[in-house]
Amino acid sequence: MAILIPRQGEMDIVQPIIIGAGRGSRLNALTDEQPKCYAPIGNRRILDWLLDALREADLSAPVFIGGYRIEQIRTDYPELDFRHNADWPNNNILASLFYAEADMDAGFLCSYSDILYRPSVVQRALTHPGDIVLCVDTEWRARYVDRSQHPEDDAEKVIADGDRIVRIERSIGSEQANGEYIGVACFNDRGARALCDYYHQSRAAFAGSIWRDGTSFEKAYLIHLFQYMIEDGVDVRMVTTDGEYMEIDTEEDYALANVRWPQEYGD
C-alpha cells in the first residue's frame with residue numbers, strides 16, 4: 001500500500017512510480033550487463049539512492065516500470081511492484097509511464113530512474129496544493145558547466161510565471177529558462193485524470209505519426225505531453241530546488257556524480 005499524504009486538508013493516496021525501462025546506451029559499458037539504475041554512485045546503486053529518497057519522503061511500495069534487464073531487477077528488488085514495458089526499444093518515457101496507468105487513479109508521483117535527488121525535493125511536491133506539480137532545479141546551469149557530453153540544449157527547460165509553468169521544452173533558450181525539470185512530478189486524482197485523458201486523446205490523434213519536435217508519438221517524452229496540456233490551458237505548477245539533484249545520463253555524468261554526490265550526501 002502506498003501511504004497517505006495530506007494535501008489541501010484531505011488525505012490523498014500517492015503512489016510512487018519509477019520509470020526505468022530503457023537501457024541508457026550513453027553509459028556504454030556500464031549498462032552491458034546491468035540496468036542503468038544499477039550504476040554505482042559511491043557505495044550505492046542509483047536505484048538505492050532513489051528508493052532511500054522516496055522512503056525518507058514517507059512514500060512506500062513503489063511501482064517500477066522495467067524493460068531492459070527487468071528480470072535482474074525483479075530478482076534483486078522483490079519488494080518492488082513491477083510493470084513490464086516489453087516494447088522498450090521502440091518507445092520512450094511517455095509510453096513507458098502508461099504501462100502503470102492502472103496505478104495512477106488516486107494520485108501518483110513519477111520519477112525517472114537515472115537521477116539522484118534529496119527527499120526534501122519530493123516533500124515539497126507532495127505538499128503543494130496543485131493538481132499537477134513538477135520539480136524544477138533553478139540552479140541547473142551550474143550543473144552543466146562540466147557536462148560536455150550533455151549540453152544545455154538537451155535540458156528539459158521550464159519558463160514559469162510565479163509557480164505556474166507556462167512552457168516546458170528543450171528548445172527554450174538557456175537565458176530564458178527559469179529552471180530544468182528534474183524528472184519528478186506529482187499528481188493528485190484530478191491531475192492524474194487530466195494526464196490520462198490527454199494521453200489517450202493524443203494517442204488517438206497521433207499514433208504512428210510525427211507529433212511534436214519532429215518526434216513520433218511512440219518516441220515522445222513526458223514533457224511533450226506536459227507542453228501539449230499547458231497549451232490547452234491545463235494548470236501545471238512547480239516546486240523548486242537549488243541543486244539537491246543530479247542526472248546520470250552519460251559516462252561524464254557518472255564520473256561527476258561519483259565525485260560530488262557521495263561527498264555532499266553520503267553516509
Side-chain angles (χ1 to χ4, degrees), residues 19 22 24 26-27 92-94 110-118 120-125 128-187 191 195 198 202 210-216 219-261 263-265:
I19 312 167
R26 290 207 277 186
L27 284 180
N92 207 339
I93 294 168
L94 177 59
C110 63
S111 171
Y112 297 168
S113 65
D114 61 350
I115 56 178
L116 302 166
Y117 49 82
R118 302 298 295 153
S120 55
V121 178
V122 175
Q123 288 162 339
R124 285 194 285 276
H128 191 288
D131 293 342
I132 301 173
V133 181
L134 311 188
C135 298
V136 174
D137 184 8
T138 57
E139 293 297 316
W140 69 282
R141 296 192 77 184
R143 290 187 298 98
Y144 277 78
V145 171
D146 298 315
R147 298 180 79 189
S148 62
Q149 295 176 0
H150 189 123
E152 290 183 352
D153 288 350
D154 277 354
E156 296 185 330
K157 296 181 283 294
V158 164
I159 295 176
D161 179 9
D163 74 342
R164 183 173 64 88
I165 295 177
V166 298
R167 190 177 165 202
I168 177 167
E169 292 180 297
R170 286 185 171 86
S171 60
I172 295 169
S174 293
E175 298 293 342
Q176 296 175 275
N178 297 111
E180 178 186 25
Y181 171 56
I182 74 168
V184 178
C186 191
F187 306 78
L195 187 82
Y198 274 90
S202 302
I210 298 301
W211 185 33
R212 304 183 71 88
D213 297 334
T215 303
S216 69
K219 286 286 190 176
Y221 290 86
L222 187 51
I223 63 167
H224 287 133
L225 185 59
F226 290 154
Q227 179 61 22
Y228 183 67
M229 295 170 71
I230 289 166
E231 290 171 5
D232 204 43
V234 176
D235 189 62
V236 178
R237 299 285 167 161
M238 72 175 186
V239 293
T240 63
T241 180
D242 301 331
E244 296 190 307
Y245 154 74
M246 290 190 79
E247 178 186 17
I248 297 93
D249 189 55
T250 67
E251 290 176 298
E252 184 179 59
D253 292 341
Y254 173 72
L256 289 169
N258 266 292
V259 170
R260 297 174 183 174
W261 195 264
Q263 184 176 28
E264 291 188 44
Y265 304 114

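Computed over heavy atoms, backbone and side chain alike; hydrogens, waters and symmetry mates excluded.
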Tell me, please, which residues at least two apart from [X] pass side-chain hydrogen bond (donor to acceptor under 3.5 Å, both in side chains).
| X | result |
| --- | --- |
| Asn178 | none |
| Asp154 | none |
| Glu139 | none |
| Glu152 | Arg141, Ser174 |

### Query
What's the verdict on side-chain hydrogen bond (donor to acceptor under 3.5 Å, both in side chains) for Glu247 and Tyr112, showing C-alpha distance, side-chain angles and the deciding distance?
CA-CA 9 Å; Glu247 178 186 17; Tyr112 297 168; over 6 Å; no
For the [atom1] atom of [X] and the [atom2] atom of [Y], what is their distance to the nearest 0.5 Å?
| X | Y | atom1 | atom2 | answer |
| --- | --- | --- | --- | --- |
| Cys110 | Leu195 | SG | CG | 7.5 Å |
| Leu116 | Ile248 | CG | CD1 | 3.5 Å |
| Ile159 | Glu169 | CD1 | CD | 8.5 Å |
| Lys157 | Ile172 | NZ | CD1 | 7.0 Å |
| Lys219 | Thr215 | NZ | OG1 | 10.0 Å |

Identify all side-chain donor-acceptor contacts of residues 220-228 below 3.5 Å with residues at least two apart in sequence or on another chain.
residue	atom	partner	partner atom	Å
His224	ND1	Tyr221	N	3.0
His224	NE2	Asp213	OD2	3.0
Gln227	OE1	Ile168	N	2.9
Gln227	NE2	Glu231	OE2	3.0
Tyr228	OH	Gln201	OE1	3.1

### Task
Identify whether the distance between the nearest side-chain nitrogen and carboxylate oxygen of Glu156 and Arg170 falls below 4.0 Å.
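Salt bridge present between Glu156 and Arg170.
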### Task
Check whether any side-chain N or O of Gln149 sits under 3.5 Å from a backbone N or O of Glu252 as a donor-acceptor pair, and report yes or no.
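Yes, the answer is positive, given that a donor and an acceptor are paired below the 3.5 Å cut-off.
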#### Entry: Donor-acceptor pair, side chain of Ser113 and main chain of Ile19, under 3.5 angstrom
yes
### Query
Given the rule in the salt bridge (charged side-chain N to carboxylate O under 4.0 Å, His left out) test, do Asp114 and Arg26 qualify, once you have shown the distances and angles that lead to the verdict?
CA-CA 12 Å; Asp114 61 350; Arg26 290 207 277 186; over 6 Å; no
### Task
Fit a plane to each ring of Trp140 and Tyr144, take the angle between them on a 0 to 90° scale, and name the class: parallel (under 30°), tilted (30 to 60°) or perpendicular (over 60°).
perpendicular
### Query
Taking only residues two or more places apart in sequence, or in another chain, which ones meet Asp253 in a salt bridge (charged side-chain N to carboxylate O under 4.0 Å, His left out)?
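Arg147.
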### Query
Can you find a side-chain donor-acceptor pair between Thr138 and Asp242 that sits under 3.5 Å?
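Checked: Thr138/Asp242 side chains pair up, N/O donor to acceptor below 3.5 Å.
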### Task
Please say which of Asp131, Val133, Leu134, Val166 ends up in a side chain to side chain contact (heavy atoms under 4.5 Å, CB included) with Val236.
Leu134
